[in-house]
Amino acid sequence: MIPSFSFLVVASLFQARIQLPFTLFALISFPMIFYSSMLSAEATDSQLLLISDATSRGKHAEEYCAMYDICGERSDGKVLNCPYGSPSVKPDELLSAKIQSLCPTINGNVCCTVAQFDTLRAQVQQAIPFFVGCPACLRNFLNLFCELSCSPNQSLFINVTSTSEVNGNMTVDGIDFFVTDTFGEGLYNSCKDVKFGTMNTRAIDFVGAGARNFDEWFAFIGQKTPPGSPGSPYYINFKTSVTDSSGVGLMNTSVYSCADTSLGCSCGDCPSSPMCSDFEPPPHKKDPCLITIGSLKLRCFDFSLAILYILLVSAFAGWALFHGKREKRRLGSDGEPLLNVMGDSGNNINNLQKNENLTVEVPGRVLEVRNGARLSAVQGYMSSFYRSYGSWAARNPGLVLSSSLAIVLLLCLGLIFFKVETRPEKLWVGPGSKAAEEKQFFDRHLAPFYRIEQLIIATIPESKHGKPPSIVTEDNILLLFEIQNKVDGIRANYSGSLVSLSDICLKPLGQECATQSILQYFQMDPDNYDDYGGVEHTEYCFQHYTSADTCLSSFKAPLDPTTALGGFSGNNFSEASAFIITYPVNNAVNEVGNENAKATAWEKAFIHLAEEELLPMVQSSNLTLSFSAESSIEEELKRESTADVMTILVSYLVMFAYISVTLGDTSHLSSFYISSKVLLGLSGVMLVMLSVLGSVGFFSAIGVKSTLIIMEVIPFLVLAVGVDNMCILVHAVKREPVSLPIEERISNALGEVGPSVTLASLSEILAFAVGGFISMPACRIFSLFAALAVLLDFLLQVTAFVALVTFDFLRAEDNRVDCFPCIKVPSSSVEPLEGISEGQDGLLTRYIKEVHAPILGLWWVQIVVIAVFVAFTLASIALCTRVEPGLEQKVVLPRDSYLQGYFNNVSEYLRIGPPLYFVVKDHNYSLQSNHTNQLCSISQCDTNSLLNEISRASLIPKSSYIAKPAASWLDDFLVWISPEAFGCCRKFINGSYCPPDDQPPCCSPDEGPCGFGGVCKDCTTCFRHAELVNDRPSTTQFREKLPWFLDALPSADCAKGGHGAYTNSVDLNGYESGVIQASEFRTYHTPVNRQGDYVNAMQAAREFSSRISDSLKMHIFPYSVFYIFFEQYLDIWRTALINISTALGAIFLVCLVITSSLWSSAIILLVLAMIVVDLMGIMAILDIQLNAVSVVNLIMSIGIAVEFCVHILHAFLVSSGDRGQRAKTALSTMGASVFSGITLTKLVGVIVLWFSRSEIFVVYYFQMYLALVVIGFLHGLVFLPVVLSLCGPTSGHTVTKEELEDEASASSYRT
């Protein structure tokens, strides 16, 4: 008889779930597959006959039994065979038919009684659900125990080696079982890949303790266990060789290959099947093209760029050497510029001034002349407008100031509707997101992911690079019990009631929380620690967690040590350096009954306990502790909103101080309190703040919520942008002679810088606005808020700030003290103020004129500059391909957040990836449809079915990112209703569901061991083979039995019960129509630690699903909880390139319209493109990832970079002479303003961000903006002047004396 091998079967208690703790983004890999295993050997009532010493010991002959009948039972009720040999017996017709139904290889006489066969049948039924999906494996497995229990030639391969006396009777205590290697290998090979779908693992892991060959499997089966423990009641020593004198032979019954066509298994259970070998793997990604030069390996793309660089530099050097002088001579032959005929003007030329900026009026026209050059039509009208407006504004400063402030303050009223959005899914997931729609479908039809609370306790290495010691010690386990006691004692206050972990935790079966901790090896009870054997018991459970009753958890499920331990290699669990304790908590989509609110209250108390009590406890034991709750990310993001308030304020104060110094005059220390511009600088800062508040107020009024980044970053950005224009405007006014009236000075200054300020501001506004096309809400809202803020700031600068400048200069001329304008100083004690143009140039201006500009004019310097900048740009293009998409979750949190250490530990210790669900829509289970066979993976399923394809993909995890075959409710359901699984789908005589014999009402645990008979004695299998069609249920049968399956509890007699494991895997709403709207098949991704891994895993899963959907003509999509946050990265490069190109195109059009010069606009476009590319190269060097934040920064950098270029270009266009002279003039005129008013202003404000407590500020604002300032400065004051001097637009608008006379004559003739 079968040696009481009562399989400890798996009861998978609920489906795997992982809830990410980021909601910006971080991920916890927690396998929540709970199952109950009962894989053991239990004695039958009919054991092998032992030949007694007194009789025919050692008789081995055909038609002779080695042991027959039952002679006793152990104290635990397991039966023992009689050790007496006897001839085989001819069974009656009924017994023969029963034996043939289970053991078709046995004919004629047998060596088992009716009771023995009934015991055999009852016990093998526990194994059938594991193997029935692979008929060849099941047949081989049954043959092994059929031959052992009932073979008429039993004595030929069975030898009783020891006996024991039980209640006065001799019983079998040990046997040798002789089996051929061929049968052993064939049995193992046919079963080794068979899946146990409920657990996403191999069936051999449960019925063979993970055996790696047939010797290990036989050794596991033959172990003798003490009373009360699962396993065989006597030794079974499997042997594969015999001696000639022994008289025994080797059992060599037929063995079937899993590839046998008559007993064929699915590809998932038998990858070696010929039909599976034809599988065409997905196309392998081509290795990158490499070129080897000696020991150096270069990518072909990089090598091509290097060749291109050599060609470009060589061509440029030749062009510069041979054409430079000829170009210079050609330009020198142009007409005599107006600068040379300053005193020789006609009747229509009025007031040619020292600064050489003229408005030449002729009837019906306005001719703007700047430095002897005629402006374009648009620039001319803009300059004329600003001149007229500046004169009017200077005469009416009070009206301009009050009206402009009134409009902005009106917008600020919208702040009463101000709200801040902190929900991560609302910040980082755009509308129309495919992942968001799939998540909504999954949550609505199946079930949401559970909330996760987690502790990670780890040992500390003795040396910096040393190996951390094992954490599996008695002291540490006892400490873990203390920690668990404190967690169990948490009582959080929610609406006047106290909430404990037991109130909110996940309870798949019964009343015990499904906590994942090695304390489950002691049923979470410290009193069991010593009783079970302490640390030794823990180490025992590491290897026998699926097969030992004492290792089962308090919620009656085995605990996989990989889910509760970390820091080990392979299966060396004893070397683990970390405990991982996970508390799954119920989640609610619509917060029904305020369940989530209760959980959130408990989570806050949990985090408080961890910080205040658990952390000191753990540290005192020389361990580390990291922790997280489901709501941790959101709470830490809220805390971040105030984390950098001081940093931002310091940044503003530093910029304000710098502005005040920059705007003022320091030529005369005695009059500093008159010439300083502190009050003007403060007023300018206040205007910036008003523009930000106006923008926020407007969007708040229309119902758009703000974000924390808006409140912290936009004021800084607008201040950095606005300060530039303020400095340029004030410097322009100061360049005017003080002898002119203030109205005229303001008019001239606005006419001079107004067009370039407008061009820069419009470019910035457009660049910000382009960011509004990004789908991520946080970045889109940020861009729109910033665009409106910059627009308001620009309008306030040309209105309110002009009025303030007017007031300030009037104050200075009236000798009134800065900041205290009511105090007037006598004129006798103040030295007269002079304009900059009438005094000496400052140090910076002299450096630009006398050193910087002349050096850039040297031909060899120009070649070096072009060569260096082009080299860096091409290098940056190569580096751009190395920028990875993603946004590290640690970056978005404060530097001092407790989650920083937690995310590090998650990456270091967790050994399993996030769960992956393949969701099938509209599964038509009717018999007329082939959908069922297109999905399942057991026998007779399609070769290219979904589950078979998933199994194949799991064989190539590096490219598929699928770690295991999928747990299949459909496979388990088809097995459950199969007539072979006679212990599963059963019915009473009245047709109602009959549970397995080891479950109530068939068996009550209080009544002792379950036997046969009772209320379930007349239960029969749901179907006979004749009632099925090709082993598939009809539409009606499927519809009736599916709810039975999903409600069936798993147990030893039937491990395939679907309750718990598949409760939420199938949407039964409307399934009566023959179509299941939604169902899921669960597997896992491979471990993912880097952001790129998440993106690649999602992309691989989507490509796989798309291919399978097209092949099966079914709607299948993959789903994992992190997809919703990482979907944006699938096309982040496309988004970035489109938005950058759009921003560059918009700025090009603005430049073209204002300058009316295609070549000038093209040069600006080239320089801006180089700045963006160089910035992306810096991103690669600094390991800054590409995400919505960095894309917005890149787009904004275009607008900000315009300021470094447009003022120089504008000055170049309005200058006269050859290209070299005009470039020097442009640098001399605007170089100092660009450096002091733009570069240093931004640099001062950016540097302060280094001290930010938020990593996102340091990485995405300090590092990127600092790089932008440096790159923009170098391109604006080094590269652009060189390009302009070499190939800038010709002086097509130079006004000569003759042209002015012609204009005057034509005007006189027309009049």
Side-chain angles (χ1 to χ4, degrees), residues 350 353 355-362 364-394 400 404 721-722 724-726 728-733 735-736 743-767 790-803 805 1146-1161 1163-1164 1199 1202-1203 1205-1216 1226 1229-1230 1233-1234 1289 1291-1295:
N350 302 316
Q353 300 167 352
N355 66 349
E356 299 155 359
N357 298 335
L358 302 175
T359 301
V360 182
E361 298 186 10
V362 291
R365 297 184 59 191
V366 177
L367 177 63
E368 283 290 336
V369 180
R370 183 77 45 76
N371 293 337
R374 181 189 301 166
L375 301 180
S376 68
V378 177
Q379 286 179 304
Y381 282 110
M382 289 179 64
S383 181
S384 176
F385 166 78
Y386 275 116
R387 287 181 182 277
S388 302
Y389 165 75
S391 179
W392 177 82
V400 172
S404 58
V721 170
D724 307 338
N725 293 337
M726 288 189 287
I728 290 172
L729 181 59
V730 172
H731 288 170
V733 176
R735 281 196 296 269
E736 298 294 321
E743 294 86 353
E744 196 166 344
R745 277 184 281 164
I746 296 293
S747 175
N748 291 339
L750 276 177
E752 178 187 355
V753 301
S756 62
V757 167
T758 302
L759 175 59
S761 298
L762 285 178
S763 300
E764 290 162 351
I765 294 167
L766 284 174
V790 172
L791 174 61
L792 293 176
D793 185 56
F794 165 69
L795 295 177
L796 286 176
Q797 285 171 350
V798 297
T799 55
F801 189 71
V802 169
V805 170
I1147 293 174
F1148 173 78
L1149 292 177
V1150 171
C1151 293
L1152 182 61
V1153 170
I1154 293 180
T1155 63
S1156 299
S1157 172
L1158 181 62
W1159 189 238
S1160 300
S1161 303
I1163 291 176
I1164 288 292
V1202 169
E1203 295 188 341
C1205 308
V1206 71
H1207 299 293
I1208 298 295
L1209 176 66
H1210 182 71
F1212 179 85
L1213 291 175
V1214 300
S1215 300
S1216 61
T1229 304
M1230 295 302 299
S1233 295
V1234 169
S1291 183
H1293 295 292
T1294 301
V1295 182

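Sequence positions, counted from 1, serve as the residue numbers for this chain. Note that the structure is a prediction, hence the values are computed from the model and not measured.
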(request) Apply side chain to side chain contact (heavy atoms under 4.5 Å, CB included) to the pair L729 and V757, showing each step before the final yes or no. (result) CA-CA 9 Å; L729 181 59; V757 167; 6.0 Å; no
(request) Please list, chain by chain and in numerical order, all residues satisfying side chain to side chain donor-acceptor pair (under 3.5 Å) with S756, sequence neighbours excluded. (result) H1207
(request) Measure the CG-CZ distance between D793 and F801 for me, rounded to the nearest 0.5 Å. (result) 10.0 Å
(request) For S761, enumerate each residue passing the side chain to side chain donor-acceptor pair (under 3.5 Å) test, keeping only those at least two apart in sequence or located in another chain. (result) N725
(message) I'd like to know if the side chain of S747 reaches the main chain of E743, judged simply by a donor and an acceptor atom lying under 3.5 Å from each other, with no hydrogens or angles considered.
(response) no
(message) Is it true that E752 and N748 share a donor-acceptor pair across their side chains at a distance under 3.5 Å?
(response) no
(request) Could you tell me whether the side chain of I728 reaches within less than 4.5 Å of the side chain of M1230, counting heavy atoms only? (result) yes
(request) State the OG-CG distance between S1161 and L1149, to the nearest 0.5 angstrom. (result) 8.5 Å
(request) Mind checking the CZ-OG spacing from F1148 to S1160? Nearest 0.5 Å is all I need. (result) 10.0 Å
(request) Indicate the atoms forming the closest heavy-atom contact of S1157 with P1289, along with that distance. (result) OG-CB, 4.1 Å
(message) As a quick check of understanding, evaluate side chain to side chain contact (heavy atoms under 4.5 Å, CB included) for I1154 and M382, giving each step before the final call.
(response) CA-CA 9 Å; I1154 293 180; M382 289 179 64; 3.9 Å; yes
(request) Compare all side-chain heavy atoms of R735 with those of V753 and state whether any distance is below 4.5 angstrom. (result) yes
(message) Nearest 0.5 Å, please: how far is CZ in F794 from CG in L762?
(response) 6.0 Å
(request) Output, in order, the C-alpha distance, side-chain angles, deciding distance and verdict of side chain to side chain contact (heavy atoms under 4.5 Å, CB included) for I1164 and L1209. (result) CA-CA 8 Å; I1164 288 292; L1209 176 66; 3.2 Å; yes
(message) To the closest 0.5 Å, what do you measure between CD1 (I1208) and CG (L1213)?
(response) 11.5 Å
(message) Donor-acceptor pair, distance only, cut-off 3.5 Å: does the side chain of S763 make one with the backbone of L759?
(response) yes
(request) Working to the nearest 0.5 Å, report the span between CD1 of I765 and CD1 of I1147. (result) 11.0 Å
(request) Decide yes or no for L750 and F385: does some side-chain heavy atom of the first lie under 4.5 Å from some side-chain heavy atom of the second? (result) no
(message) Within the supplied structure, the quantity of interest is the number of heavy atoms (other residues, nucleotides, ligands) at a distance under 6.0 Å from W392 CH2; does it exceed 12?
(response) yes
(request) Please report the shortest heavy-atom distance between G390 and I746, naming the atom on each side. (result) O-CG2, 3.5 Å
(request) Kindly give the heavy-atom pair with the smallest separation between E736 and A749, and that separation in Å. (result) OE2-N, 4.2 Å
(request) Would you check if the side chain of Y389 reaches a backbone N or O of V798 as a donor-acceptor pair within less than 3.5 Å? (result) yes
(message) Can a donor-acceptor pair be found, under 3.5 Å and without considering hydrogens, that links the side chain of S383 to the backbone of G751?
(response) yes
(message) side chain to side chain contact (heavy atoms under 4.5 Å, CB included) for T1229 and F1212? Distances and angles first, verdict last.
(response) CA-CA 9 Å; T1229 304; F1212 179 85; over 6 Å; no
(request) Output yes when a side-chain donor or acceptor of S388 lies under 3.5 Å from a complementary backbone atom of S384, and no otherwise. (result) yes
